[in-house]
Amino acid sequence: MPEPRWIIHLPTTLTSRDAAADLAAALARSLGHVDTIDFGETTLSEEDAQHLRYRVWCDVRLADGGRCGRRDGHGGSCGATELR
């Protein structure tokens, strides 16, 4: 049985989901070298509705085993672009 993974909830003072997604993307660019952080699994929630989460990035697994790096709900086909 694998060890459980831990989630870090990082509250912000932002009041818009788009601004929060932009901050998540900036953190992914800045901390992308830290291989213990799975930015592809990043979700957002309102402070008082943490049970309702929104994905930041597309969840589609690619043929090479990687994950699509485009924003959730993107148009066009999935691709291994940098998370942004």
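Along the sequence shown, residues carry numbers from 1. When reading the values below, keep in mind they use all heavy atoms of this one structure, side chains included, and skip hydrogens, waters and symmetry mates.
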Can you tell me how far apart [atom1] ([X]) and [atom2] ([Y]) are? Round to the nearest 0.5 Å.
X     : Y     : atom1 : atom2 : value
Leu52 : Gln50 : CG    : CD    : 11.0 Å
Arg5  : Glu3  : CZ    : CD    : 13.0 Å
Asp35 : Ile37 : CG    : CD1   : 9.0 Å
Glu47 : Leu14 : CD    : CG    : 11.5 Å

Working note: Leu10 + Leu27, criterion side chain to side chain contact (heavy atoms under 4.5 Å, CB included); need CA distance, chi angles, decisive distance, verdict. CA-CA 11 Å; Leu10 183 65; Leu27 290 170; 4.0 Å; yes
Check the pair Cys78, Val60 against side chain to side chain contact (heavy atoms under 4.5 Å, CB included), reporting the backbone distance first and the verdict last. CA-CA 7 Å; Cys78 292; Val60 171; 3.7 Å; yes
Test item: [X] and [Y] side chains (from C-beta on) under 4.5 Å apart, heavy atoms:
X     : Y     : value
Thr12 : Leu23 : yes
Phe39 : Val56 : no
Cys68 : Arg61 : no

Between Asp22 and Arg71 (salt bridge meaning N to carboxylate O under 4.0 Å), is one present in this structure? yes
How far apart are the closest heavy atoms of Ser45 and Ala49, and which atoms are they? CB-O, 3.8 Å
Could you go through the side chain to side chain contact (heavy atoms under 4.5 Å, CB included) check for Thr43 and Tyr54 one step at a time? CA-CA 5 Å; Thr43 58; Tyr54 300 92; over 6 Å; no
Treating Arg70 as the side-chain partner and Ser77 as the backbone partner, does any N or O pair qualify as donor plus acceptor under 3.5 Å? yes
In terms of hydrophobic clusters joined by side-chain contacts under 4.5 Å, are Val34 and Trp57 together? yes
Not counting sequence neighbours, which residues clear salt bridge (Lys or Arg N to Asp or Glu O under 4.0 Å) with Glu41? List them please. Arg55, Arg67
The criterion is side-chain hydrogen bond (donor to acceptor under 3.5 Å, both in side chains); which residues satisfy it with His33, sequence neighbours excluded? none
